[in-house]
Participant: 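First, the structure itself, so that you have it in front of you.
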Number of protein chains: 2
Amino acid sequence: MKNKQAEDIFRNFLRAGKNRITPERFEVLEAALEYEGHFGADDLYILMKNFKSRVSRATVYKTLELLAQCDLLSKRNFGDNINRFESSFKRQIHDHLICVDCGKIIEFADPRIKQLPEEISEDLGFNFESYSFNIFARCKDPKKCKQSRER
Amino acid sequence: MKNKQAEDIFRNFLRAGKNRITPERFEVLEAALEYEGHFGADDLYILMKNFKSRVSRATVYKTLELLAQCDLLSKRNFGDNINRFESSFKRQIHDHLICVDCGKIIEFADPRIKQLPEEISEDLGFNFESYSFNIFARCKDPKKCKQSRER
DNA sequence: ATTGCTGCAAAACGTTTGCACCTAT
DNA sequence: ATAGGTGCAAACGTTTTGCAGCAAT
């Protein structure tokens, strides 16, 4: 019960669909919100296993999808064929710069990007849904690079 | 010998590294440049197989990577965990809008995006390498949607 | 002659699925 | 009571790898 507000959002979302409210789903929610930074579904599953959780891989994968649907998490793809998630609960919209050498991920929020996706969607005759904007670059400072492979 | 210019670029790139110049690699180059639109490595492999090519799957995968490295192709990722390629030879830089209902891919070039990635990289202390900007949206016109799953 | 490339099949990887049992409603 | 969720293992689709033989340098 660490994130009552997020839990309420999830509970309401589950009820709104015909989804059941189960302890496993809330266990995944809690673990996901506690995770610092970006994580793959399997990362979270392993972490939960290490903490002696009995929740299955299948449940973790399915629940993360639900959490992304109700915007408690955002699903990211940095071009390496891994779906990553991060908490978007109480967080502002941002994009990512990824160092192609060390894998470091920098978050940034540039006001110039903000309206672009919706405007472009309209112009092209589409209803905007979501967007992804990733920059791939290299650390200028070699001392800060190649050291870690944070994700 | 349909694309002498592209072949020269590839040949020089191969020589510059210590990569060998082989007929298989040029077979992949030709097939890739002829492909209309976006294709996965396996799509191209299957197509080549249908045309009785004897080039192996491994060679197709590896060669596409080389072609992306020398900018004859660009490698795209539309968030579905498939690496797609498209010819970038003699093409202007553009981004993509993907319909989440029918999978249709629209290309667009918005001048407002152009300098953004490099500027942001600099501001954050990185050397710009590349970027990806994808918009996910839904066709407004239902008649034009759900019909095809072009890629 | 050397070193890199090829084709093949097997393995790897993240993810999804089928199914019998269980549980929230 | 029943529809939906769970855990498990097996299957999936894409991509990578190990290796023996081959070919470009």
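Each chain gets a letter, A, B and so on, in the order the sequences are listed, and its residues count up from 1.
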Participant: Check this for me, if you would: do B/Arg76 and B/Glu107 make a salt bridge, where the nitrogen-to-carboxylate-oxygen distance has to be below 4.0 angstrom?
Facilitator: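 No, no charged N to carboxylate O under 4.0 Å.
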Participant: Would you mind checking if A/Glu24 and A/Arg54 are paired as a salt bridge, meaning a charged N to carboxylate O distance below 4.0 Å?
Facilitator: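 Here A/Arg54 does not pair with A/Glu24 in a salt bridge, since their nearest N and O are not under 4.0 Å apart.
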Participant: What closest approach, in Å, do A/Thr59 and A/Thr63 show between heavy atoms, and which atom pair accounts for it?
Facilitator: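 For A/Thr59 and A/Thr63, the tightest heavy-atom pair comes out as O-OG1, 2.7 Å.
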Participant: Expressed in angstrom and rounded to an integer, what is the separation of A/Arg84 atom CZ from C/dC13 atom C1'?
Facilitator: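 Spelled out: CZ on A/Arg84 to C1' on C/dC13 is 13 Å.
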Participant: Across the strands shown, which category fits A/Lys62 at heavy-atom distances under 4.0 angstrom: base, sugar-phosphate, nothing?
Facilitator: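 The residue A/Lys62 makes base contact.
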Participant: Round to a whole Å and report the spacing from OH of B/Tyr45 to P of C/dT6.
Facilitator: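 These atoms are roughly 14 Å apart.
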Participant: Which pair of heavy atoms, one from B/Ile113 and one from B/Phe108, lies closest together, and at what distance?
Facilitator: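 Where B/Ile113 meets B/Phe108 most closely, the heavy atoms are CD1-CE1, 4.0 Å.
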Participant: How would you label the contact of B/Arg25 with the nucleic acid (heavy atoms, under 4.0 Å): base, sugar-phosphate, or nothing?
Facilitator: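 The answer is sugar-phosphate, as B/Arg25 gets under 4.0 Å only of primed atoms, P, OP1 or OP2.
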Participant: Would you mind telling me which of D/dG4, C/dG7, D/dT15 lies closest to the side-chain atoms of A/Asn81?
Facilitator: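 Nearest nucleotide to the side chain: D/dT15.
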Participant: Whole angstrom is fine here: how far is it from CZ in A/Arg11 over to P in C/dA24?
Facilitator: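 Interatomic distance, CZ of A/Arg11 to P of C/dA24: 14 Å.
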Participant: Using a cut-off of strictly less than 4.0 Å, decide whether B/Ser56 has a side-chain nitrogen or oxygen near OP1 or OP2 of C/dC8.
Facilitator: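 No, no such contact exists.
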Participant: C/dT15 P sits how many Å from A/Leu64 CG, rounded?
Facilitator: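 Roughly 10 Å, once rounded to whole Å.
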Participant: Between atom CZ in B/Phe26 and atom C1' in D/dA24, what is the gap in whole Å?
Facilitator: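 Rounded to the whole Å, the gap is 12 Å.
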Participant: Taking any heavy-atom pair under 4.0 Å as a contact, classify A/Arg54: base, sugar-phosphate, or nothing.
Facilitator: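 Here A/Arg54 touches the backbone only, sparing every base.
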Participant: To the nearest 0.5 Å, tell me how far B/Glu86 CD sits from B/Phe39 CZ.
Facilitator: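 One gets 9.0 Å once the value is rounded to the nearest 0.5 Å.
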Participant: Atom CZ of B/Arg57 to atom P of C/dC5: distance rounded to whole Å?
Facilitator: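 Rounded to whole Å, this separation is 21 Å.
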Participant: Could you verify whether a donor N or O on one side chain and an acceptor N or O on the other, from B/Asn81 and A/Asn77, lie under 3.5 Å apart?
Facilitator: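 Note: B/Asn81 and A/Asn77 side chains meet the donor-acceptor criterion.
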Participant: Hey, does the side chain of A/Thr22 come within less than 4.0 Å of D/dT6's phosphate (OP1/OP2), counting only N and O?
Facilitator: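 Yes.
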Participant: Could you please name the option among D/dG7, D/dG4, C/dA24 that lies closest to any side-chain atom of A/Pro23?
Facilitator: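 The nucleotide sitting nearest to the side chain is C/dA24.
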Participant: Can you tell me if B/Asn83 touches the phosphate of D/dT15, counting only side-chain N or O atoms and a distance under 4.0 Å to OP1 or OP2?
Facilitator: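 B/Asn83 to D/dT15 OP1/OP2: side-chain N or O found under 4.0 Å.
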Participant: Ignoring hydrogens and angles, are the base of D/dG4 and the side chain of A/Arg20 linked by a donor-acceptor pair under 3.5 Å?
Facilitator: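 Yes, the side chain and the base share a sub-3.5 Å donor-acceptor pair.
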Participant: Considering just the side-chain nitrogens and oxygens of B/Asn19, establish if one lies under 4.0 Å of OP1 or OP2 belonging to C/dC5.
Facilitator: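 Affirmative; the distance criterion is met.
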Participant: Quick check for you: among D/dT25, D/dC8, C/dT16, whose closest atom lies nearest to any side-chain atom of B/Ile21?
Facilitator: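 Of all the options, the side chain of B/Ile21 is nearest to D/dT25.
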Participant: Separation of B/Asp80 atom CG from D/dT15 atom P, in whole Å?
Facilitator: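 Rounded to whole Å, this separation is 10 Å.
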Participant: Counting heavy atoms from C-beta on, name the nucleotide in C/dG7, C/dG14, D/dT6 closest to the side chain of B/Glu24.
Facilitator: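 So the side chain of B/Glu24 is nearest to C/dG7.
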Participant: Please report, rounded to the nearest Å, how far the P atom of C/dT25 is from the CZ atom of A/Arg15.
Facilitator: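 So the CZ-P distance, A/Arg15 to C/dT25, works out to 8 Å.
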Participant: Please check the phosphate of C/dT16 (OP1 and OP2 only) for any side-chain N or O of A/Tyr61 closer than 4.0 Å.
Facilitator: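 No.
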Participant: Tell me which of A/Lys49 and B/Gly40 sits closer to the 5' end of DNA chain D, going by the nucleotide each one is nearest to.
Facilitator: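 With A/Lys49 and B/Gly40 compared, the 5'-side residue is A/Lys49.
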